[in-house]
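Worksheet: one structure, shown below.
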Amino acid sequence: MKARVLGSAAGGGFPQWNCNAALSRAVRQGRPGLLARTQSSIATSADGKSWAVFNASPDIRSQIAANTVLQPDPDGEPRQTPIAAVVLTNADVDHIAGLLSLRERQPFTLYATARVLETLEANSIFRVLDPAIVVRRELPLGGTTELAGPDGLLGMKVETFPVPGKIALFLEDTGKKGFGSESGDTIGVAIRPSATNGAGGKTLLYVPGCARISDDLSQRIRDASCLMFDGTVFEDDEMRLAGVGEKTGARMGHMSISGASGSLNALRGVAVGRRIYVHINTTNPILEPGSAAECAVRQAGWEIGYDGMEIEL
Ligand code: MLT
Ligand code: MN
């Protein structure tokens, strides 16, 4: 199975359009070592021909342009795509807005939890993807689903599991506990080739949003071949420190990388083949090679995801 990081940044990308903090300025000015990044998405394929895209980011058009494997076969039909399925891990803008770019009456299968499907249903603009053409399939919480596109099975299966997190920003109800978040608003997925048995073997765990590493999650991560994990913020209050906003990582449903309860610490003793941060916010100092944060992360065995990163499982 192949996997590719299409976009390694969090919502807004790197640099975010109106962010004028040091890192965003530096990448805009082309400082060597800093890589611009598009918004949160990965793609996987069992045969290198048909692909499943996990999260449809607002940058999907440029992500397809940057990845030939996702482009129509130059010798193929007048309308076609290697993208056979799209799987959503939540209803955040950075994960669903790209669906609007996938119109043009192109069949593919759209997978999401009941909660996320409800959001798509409630926002009529998503009817640009005619449900008769783009079939919507519910992902059960805690179950395994064989991915299928319009031409049949993709040779990959996806196990879904709820992770501690938050409802999408635009759905928050400030009058409710947890802003109205429920199980199924944010999920993690374990992606495996269909032929793999059991939980071990070739497993890519993709968890771009996570508020806390629960025991259940830690068990799932153990012995996976590769983990792609929420790397939104290094310090919980780094947006405030950078002067760009008051929100903490915790308030956004993202655990920090550093700190006693951060992901570096929580996963230090958990064996996993490769560990890669994705969904990296424009303020995160790990984006700067040589920074103390970047060194700390690398010393703990983490890789820092970048657009176009390829993984073979
Ligand atoms: C998040 O990951 O917290 C969201 O993408 C934030 C947003 O809506 O930009
Ligand atoms: Mn996001």
Side-chain angles (χ1 to χ4, degrees), residues 5-19 21 23-24 36-43 53-60 62-63 86-101 112-113 115-116 119-120 122-123 125-126 162-174 178-182 184-189 205-213 228-240 242 244-257 262-263 276-284 286-287 304-307:
V5 176
L6 304 182
S8 52
F14 178 55
Q16 221 171 59
W17 73 283
N18 62 348
C19 182
L23 275 176
S24 300
R37 287 167 156 86
T38 63
Q39 296 169 75
S40 178
S41 177
I42 68 165
V53 168
F54 291 77
N55 292 322
S57 101
D59 296 320
I60 195 161
S62 64
Q63 291 167 344
V86 174
V87 182
L88 305 176
T89 63
N90 63 21
D92 281 355
V93 171
D94 56 346
H95 289 166
I96 65 172
L99 291 174
L100 303 177
S101 298
T113 63
R115 288 277 288 174
V116 173
T119 300
L120 300 183
N123 286 275
I125 194 169
F126 291 103
V163 293
K166 191 182 68 61
I167 198 168
L169 177 63
F170 66 95
L171 296 172
E172 284 186 2
D173 182 341
T174 47
F179 308 104
S181 305
E182 287 182 22
D185 283 330
T186 302
I187 59 167
V189 287
L205 278 181
Y206 176 52
V207 187
C210 184
R212 184 173 49 83
I213 294 183
M228 292 188 183
F229 194 76
D230 185 343
T232 310
V233 291
F234 187 74
E235 306 272 7
D236 189 48
D237 63 348
E238 75 187 29
M239 286 185 26
R240 188 180 58 77
V244 299
E246 286 307 312
K247 270 195 183 168
T248 59
R251 173 63 184 81
M252 298 188 292
H254 298 288
M255 65 192 294
S256 60
I257 293 176
S263 54
I276 302 168
Y277 280 122
V278 293
H279 195 278
I280 307 166
N281 196 51
T282 191
T283 51
N284 191 325
I286 67 168
L287 292 168
I304 297 165
Y306 55 89
D307 294 15

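Note that the numbering runs from 1 along the sequence shown for the chain. Atoms within a ligand are numbered from 1 in the order they appear, just like the ligands themselves.
Using a 4.0 angstrom heavy-atom cutoff, H254 counts as in contact with ligand 1. For the pair H279 and ligand 1, a heavy-atom separation below 4.0 Å is found.
Contact of the P208 side chain with the M228 side chain is not registered, since no non-hydrogen atoms from C-beta on lie closer than 4.5 Å. Inter-residue side-chain proximity for T38 and S62 is flagged as met; some heavy-atom pair is nearer than 4.5 Å.
By the definition of a contact as any protein heavy atom under 4.0 Å away, atom 1 (C) of ligand 1 is in contact.
Here is the list of ligand 1 atoms found below 4.0 Å of a heavy atom in D94: 5 (O). The contact set between ligand 1 and D92, taken as ligand atoms under 4.0 Å from a residue heavy atom, comprises 1 (C), 2 (O), 3 (O), 4 (C), 5 (O). Of all the atoms in ligand 1, the ones that sit under 4.0 Å from a non-hydrogen atom of M252 are 3 (O).
Between the side chains of H95 and S57, no donor-acceptor pair is found at a separation under 3.5 Å.
Atom CD of residue Q39 and atom CG of residue D59 lie 4.5 Å apart, to the nearest 0.5 angstrom.
When each of N284, T232, T248 is checked for a side-chain contact (heavy atoms from CB on, under 4.5 Å) with E238, only N284 meets the rule.
At the top of the distance list for atom 9 (O) of ligand 1, counting protein heavy atoms only, stands G11 CA, 4.3 Å. The single protein non-hydrogen atom nearest to atom 7 (C) of ligand 1 is L169 CD2, 4.5 Å, given as residue, atom name and distance.
Ion pairing between a basic and an acidic side chain is recognised when a charged N comes within 4.0 Å of a carboxylate O; R37 and D307 show no such pairing. With salt bridges taken as basic N to acidic carboxylate O contacts below 4.0 Å, one links E172 and K166.
Within the 2.8 Å limit, H279 places at least one N, O or S atom next to the Mn ion (ligand 2).
Between the Mn ion (ligand 2) and the N, O or S atoms of D94, the shortest distance is to OD2.
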